[in-house]
*Asks:* 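Take a look at this one; I'll ask things after.
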Amino acid sequence: QVQVVESGGGLVQTGGSLRLSCRASGRSFSVSGMGWFRQAPGKEREFVATISSSGVTTHYAASVKGRFTISRDNAKNTVYLQMNSLKPEDTAVYYCARGYYTGTSPNPRDYEYWGQGTQVTVSS
């Protein structure tokens, strides 16, 4: 059974940085696109960033483009989300997901396995 486990969340001040990590078990990690999503209290889950299986292609939500960077290390079955210049509106639970396909996608329906999430809180 595939497990997806996020780590690295925490409390940071406005303008600060955090790096989230996500390790997914299973031999298919290197052929799966990966994504990060987030959900703030009272809001729907939203797309943050996605990366193709090879790591060559990435896409970002407009709200985080230029501040967040997604990357992956297939040898470690791990995907990362480097978050810089954090804002209070970035406060949310961040979820990592493994996709059905090799490519990128902002659609949560294209993701098969999800982690439990890690809390990111940005104080003003």
Side-chain angles (χ1 to χ4, degrees):
Q1 183 173 349
V2 174
Q3 288 187 319
V4 179
V5 180
E6 305 96 337
S7 62
L11 174 64
V12 65
Q13 291 185 335
T14 297
S17 298
L18 281 175
R19 188 175 84 153
L20 305 184
S21 298
C22 167
R23 190 175 189 284
S25 64
R27 291 175 292 177
S28 298
F29 178 85
S30 62
V31 295
S32 301
M34 297 292 294
W36 285 97
F37 296 78
R38 67 186 181 186
Q39 188 167 17
K43 295 187 177 181
E44 294 187 353
R45 188 172 299 189
E46 65 173 1
F47 165 71
V48 175
T50 178
I51 188 167
S52 62
S53 58
S54 65
V56 171
T57 304
T58 58
H59 293 293
Y60 299 90
S63 59
V64 307
K65 196 169 186 178
R67 300 187 297 123
F68 291 10
T69 302
I70 188 171
S71 62
R72 66 189 295 159
D73 184 341
N74 285 346
K76 296 182 179 179
N77 276 29
T78 300
V79 63
Y80 304 97
L81 186 68
Q82 177 67 44
M83 306 185 294
N84 298 328
S85 302
L86 283 162
K87 306 174 181 179
E89 50 264 44
D90 294 318
T91 295
V93 177
Y94 283 70
Y95 297 91
C96 175
R98 198 189 86 172
Y100 287 103
Y101 315 114
T102 60
T104 59
S105 175
N107 189 339
R109 294 183 179 181
D110 289 334
Y111 292 84
E112 182 177 11
Y113 297 102
W114 292 78
Q116 293 299 307
T118 185
Q119 176 71 47
V120 171
T121 303
V122 184
S123 63
S124 57

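Only heavy atoms go into these numbers, but all of them, side chains included; no hydrogens, no water, no symmetry mates. Computed from a prediction, not measured in an experiment: that's the story for all the values here.
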*Asks:* Give a yes or no on whether the backbone of Phe29 and the side-chain of Asn74 come within a donor-acceptor separation of less than 3.5 Å.
*Replies:* no
*Asks:* Could you tell me if the side chain of Ser28 sits less than 4.5 Å from the side chain of Arg98, heavy atoms only?
*Replies:* yes
*Asks:* Heavy-atom count check: over 12 atoms from other residues, nucleotides or ligands less than 6.0 Å from Gln3 CD?
*Replies:* no
*Asks:* Once side chain to side chain donor-acceptor pair (under 3.5 Å) is applied, what residue pairs with a partner in residues 5-21 remain, sequence neighbours excluded?
*Replies:* Ser17-Asn84
*Asks:* What are the two closest heavy atoms between Tyr94 and Leu81, and how far apart are they?
*Replies:* CD2-CD2, 4.2 Å
*Asks:* Return the minimal non-hydrogen interatomic distance between Pro88 and Ser124, and the atom names on each side.
*Replies:* CG-CB, 3.9 Å
*Asks:* Within the distance-only criterion (no hydrogens, no angle test), does the side chain of Thr121 pair as donor or acceptor with the backbone N or O of Thr91 below 3.5 angstrom?
*Replies:* no
*Asks:* Quick one: is the NZ or CZ of Arg67 closer than 6.0 Å to the six-membered ring centre of Tyr60, and within 45° of its axis?
*Replies:* no
*Asks:* Could you give the distance from CZ (Arg38) to CZ (Arg45), rounded to the nearest 0.5 Å?
*Replies:* 13.0 Å
*Asks:* For Leu11 and Ser123, work out which heavy atoms get closest and say how close.
*Replies:* CD1-CB, 4.3 Å
*Asks:* Got a second to check how far Met83's CE is from Thr69's OG1, nearest 0.5 Å?
*Replies:* 11.0 Å
*Asks:* For the backbone of Arg23 and the side chain of Asn77, can you confirm whether one donor and one acceptor N or O come within less than 3.5 Å of each other?
*Replies:* no
*Asks:* Using side-chain contact (heavy atoms from CB on, under 4.5 Å), reason through Val79 and Trp36 one step at a time and then give a plain yes or no.
*Replies:* CA-CA 9 Å; Val79 63; Trp36 285 97; 4.0 Å; yes
*Asks:* Give a yes or no on whether the backbone of Ser52 and the side-chain of Arg72 come within a donor-acceptor separation of less than 3.5 Å.
*Replies:* yes
*Asks:* Cut-off 3.5 Å, side chains only: do Tyr111 and Thr50 have a donor facing an acceptor?
*Replies:* yes
*Asks:* With a 6.0 Å cut-off (strictly less than), is the heavy-atom count around CD of Gln116, excluding the residue itself, greater than 12?
*Replies:* no
*Asks:* Would Phe37 and Trp114 count as a ring pair (Phe, Tyr, Trp, His ring centres under 6.0 Å) here? Give the steps.
*Replies:* CA-CA 10 Å; Phe37 296 78; Trp114 292 78; 5.0 Å; yes
*Asks:* Indicate the atoms forming the closest heavy-atom contact of Leu18 with Val12, along with that distance.
*Replies:* CD1-CG1, 4.1 Å
*Asks:* For Gly9 versus Thr118, what's the shortest heavy-atom pair and its separation?
*Replies:* N-OG1, 3.2 Å
*Asks:* Grab the two heavy atoms, one from Ile51 and one from Thr104, that are nearest each other, plus how far apart they are.
*Replies:* C-CG2, 3.6 Å
*Asks:* Quick one: which of Val64, Ile70, Asp90 gives a side-chain contact (heavy atoms from CB on, under 4.5 Å) with Val48?
*Replies:* Val64
*Asks:* Run through the side-chain heavy atoms of Ile, Leu, Val, Met, Phe, Trp and Tyr, join any pair under 4.5 Å, and report what else lands in Tyr80's cluster.
*Replies:* none
*Asks:* Indicate, with yes or no, if Phe47 and Tyr95 share a hydrophobic cluster defined by side-chain heavy-atom contacts under 4.5 Å among Ile, Leu, Val, Met, Phe, Trp and Tyr.
*Replies:* yes
